[in-house]
Amino acid sequence: MPDASSVLLQRLQAAFDTVAPGADPVLRASDRADFQANGALALAKQLGRPPRQVADEVVAAADLGGICSVVDVSGPGFINLTLSDEFIAAQVASLSSDPRLGVPAAAHPETIVIDYSAPNVAKEMHVGHLRSTLIGDALARVLGFLGHDVRRENHIGDWGTPFGMLIEHLIDVGGAENAESFSVRDLNEFYAAARRQFDTDPGFRERSRQRVVLLQGGDPETLRLWRIFVAESMRHAREVYDLLGVLLTPDDTVGESFYNPLLPVVVEELSAKGLLVEDNGALCVFPEGFENRSGEPLPLIVRKSDGGYGYPATDLACVRDRTGRIGATRLVYVVGAEQSLHLRLVFAVAALAGYLPDASVAAHAAFGMVLGTDGKKLASRSGGSDRLVDLLSEGIERAGTALKERSSDLSPEQQAATARALGVGAVKYADLSTERMRDYMFDWDRMLAFEGDTGPYLQYAHARIRSIFRRAGVAPPPPGTTPRLDAAPERALALQLVRFPEAVEATAETFSPSKLTTYLFDLATAFTGFYEACRVLVDDEEVRASRLALSDLTARVLEQGLALLGMEAPEQM
């Protein structure tokens with residue numbers, strides 16, 4: 001079922017094409033009407049004619065009968081469009097009868113690899129992993145819902161110098177024999193000690209590098225310890241993922257070690273294409289358009305002067321594997337904004353190497369930082385724990401306290417489950433509702449509030465709707481019920497409901513979950529206005545059925561929308 005904006009856009013596009021083929025209507029939501037088309041201004045400039053004249057000509061050519069009740073031109077040539085109540089009601093009825101709530105499956109499904117989370121091996125997951133994990137998981141859900149073949153990849157650093165350091169230090173302190181008994185917290189402490197020794201002891205530094213050679217050469221004891229460390233680290237990661245309720249599984253984990261055999265192949269292929277340049281003993285590629293602050297060409301170092309490989313070579317091997325073996329037509333990297341230059345270099349070299357064919361697209365879904373209430377980066381270890389397990393546990397505990405302060409009929413078991421849904425949901429929503437590139441402040445009081453743009457507010461809106469049916473002892477009207485839109489709040493809610501498909505598609509197109517959170521908050525706000533102005537359980541059976549239908553569809557859209565964000569929608573609160 002085409003959504004309201006799609007139907008309107010198709011009709012407008014046909015009208016614009018009568019004036020000048022290929023012109024863009026530039027349709028968007030408006031405060032003046034339901035929608036506004038601004039394309040006449042650009043078209044008028046192209047044609048050298050007055051914008052209002054062009055807009056009037058488009059309106060005259062537009063076939064909007066049965067869709068719009070009012071179409072007028074304002075200002076320098078804005079076309080204001082007000083949908084008819086009958087059209088909106090029919091759209092709501094179609095939406096309610098569709099299990100997908102009007103969201104069409106992708107016309108051309110793609111194979112999409114999403115690179116996200118990437119915890120550090122031998123370290124506990126901390127708040128610095130939060131944004132990548134949550135944004136990546138939401139994108140995986142949305143793109144999967146649209147019908148794409150989504151491949152989640154948890155790219156972990158499980159190879160190289162850090163492991164040489166860790167293993168060598170463990171052997172030095174006599175811990176190799178009982179390595180299997182160590183927790184990830186033990187490994188965290190061992191790693192910190194190993195790093196200090198690596199930075200101050202040249203002899204240890206050299207032995208660590210030799211240990212890396214043994215690891216890469218398949219030395220049995222070194223490999224045994226390495227496998228223990230990786231297994232314990234991923235056990236800890238699964239504990240965090242289970243608490244967060246994200247989709248990542250052990251099968252989605254692909255470490256740097258997986259790509260190690262491909263690194264010499266990458267060098268050979270780049271060399272065969274004449275792309276490699278030796279610079280101070282290192283093998284580099286200098287893609288056009290990249291310069292440092294001094295205006296000198298900026299290289300991507302593929303092989304270091306000592307013959308070793310760094311992140312750039314591994315990342316090139318990743319692209320090669322994902323578009324080659326997996327057959328991905330789109331790559332999405334959910335990585336912090338600070339890696340922007342590195343990824344642009346990798347993508348540029350991958351394109352030169354032929355690893356990114358024309359049909360393949362690599363995108364960096366960059367994001368900002370999580371800040372504490374002091375305005376400083378929350379990942380700092382000063383002033384409290386930054387362990388994700390501790391953070392989430394605190395959220396669940398705080399949510400449980402907030403629930404107990406509200407009158408509730410929940411059993412202890414239901415309270416515990418709801419507290420978890422609220423606590424974890426509050427963390428997710430605060431993160432996902434922030435535009436990706438912006439930093440945001442981690443503030444429990446704001447995040448767990450039941451009012452305002454928060455996760456608990458949306459979850460409570462859903463539970464409140466379900467309580468209407470529970471208290472009245474009635475079932476929702478059958479799908480496809482056409483609502484009456486006699487009152488302005490009914491119409492406002494119905495109009496917001498039919499915009500759900502548009503919100504989901506905008507989220508997928510921009511890789512921005514905040515598009516969906518903004519929509520859901522607007523929907524919950526519209527329902528609040530409707531609920532306060534229009535009594536649902538009235539005596540008039542037709543009005544009652546209409547308002548119950550609007551309420552039920554709102555609950556279904558909220559539940560589906562929250563699910564796409566990885567959040568639960570409790571039935572009771």
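When a residue number appears, it is its place in the shown sequence, counting from 1. All heavy atoms count here, side chains included; hydrogens, waters and symmetry mates do not.
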Residues forming a side-chain contact (heavy atoms from CB on, under 4.5 Å) with [X], sequence neighbours excluded:
X	value
Ala350	Leu316, Val319, Tyr355, Leu356
Arg293	none
Ala426	Met447, Leu448, Pro456

For a quick test of reading the model, state the closest non-hydrogen atom pair linking [X] to [Y] and the distance between them.
X	Y	result
Asn178	Gly174	OD1-O, 4.4 Å
Leu244	Val424	O-CG1, 3.6 Å
Gly136	Ile114	O-CG2, 4.1 Å

Strictly below 4.0 Å, N to O, side chains only: are [X] and [Y] in salt-bridge contact?
X	Y	answer
Arg322	Glu153	yes
Arg387	Asp390	yes
Asp242	Arg238	no
Arg207	Asp172	yes
Arg438	Glu435	no
Glu269	Lys273	no
Glu189	Arg185	no

Output, in order, the C-alpha distance, side-chain angles, deciding distance and verdict of side-chain hydrogen bond (donor to acceptor under 3.5 Å, both in side chains) for Asp453 and Tyr429.
CA-CA 9 Å; Asp453 190 8; Tyr429 190 84; 2.4 Å; yes
What is the ring orientation for Phe204 with Phe198, classed by angle as parallel under 30°, tilted 30 to 60°, or perpendicular over 60°?
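Perpendicular.
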Expected list for residues 221-229: side-chain donor-acceptor pairs under 3.5 angstrom, two or more places apart:
from   : atom 1 : to     : atom 2 : distance (Å)
Glu221 : OE1    : Arg224 : NE     : 3.0
Glu221 : OE2    : Arg224 : NH2    : 2.9
Thr222 : OG1    : Arg211 : NH1    : 2.9
Thr222 : OG1    : Asp219 : OD2    : 2.6
Arg224 : NH2    : Ala176 : O      : 2.9
Trp226 : NE1    : Asp158 : O      : 2.6

Please evaluate residues Arg205 and Asp201 with respect to the criterion salt bridge (Lys or Arg N to Asp or Glu O under 4.0 Å), reporting the C-alpha separation (whole Å), side-chain torsions for both, the decisive distance (0.1 Å), and the verdict.
CA-CA 6 Å; Arg205 186 158 54 243; Asp201 183 345; over 6 Å; no
May I have the step-by-step check of salt bridge (Lys or Arg N to Asp or Glu O under 4.0 Å) for Asp199 and Arg195, ending in yes or no?
CA-CA 6 Å; Asp199 291 340; Arg195 168 55 71 179; 3.3 Å; yes
Establish, yes or no, whether the cationic atom of Arg196 lies under 6.0 Å from the six-membered ring centre of Tyr191 and within 45° of the ring axis.
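The answer is no, since Arg196 fails at least one limit relative to Tyr191.
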Indicate every side-chain donor-acceptor pair of residues 561-573 with a distance under 3.5 Å to a residue at least two apart or in another chain.
none

Can you list the residues that meet the side-chain hydrogen bond (donor to acceptor under 3.5 Å, both in side chains) rule with Asp431, with sequence neighbours excluded?
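Per chain and number, Asp431 pairs via side-chain hydrogen bond (donor to acceptor under 3.5 Å, both in side chains) with Arg131, Tyr440.
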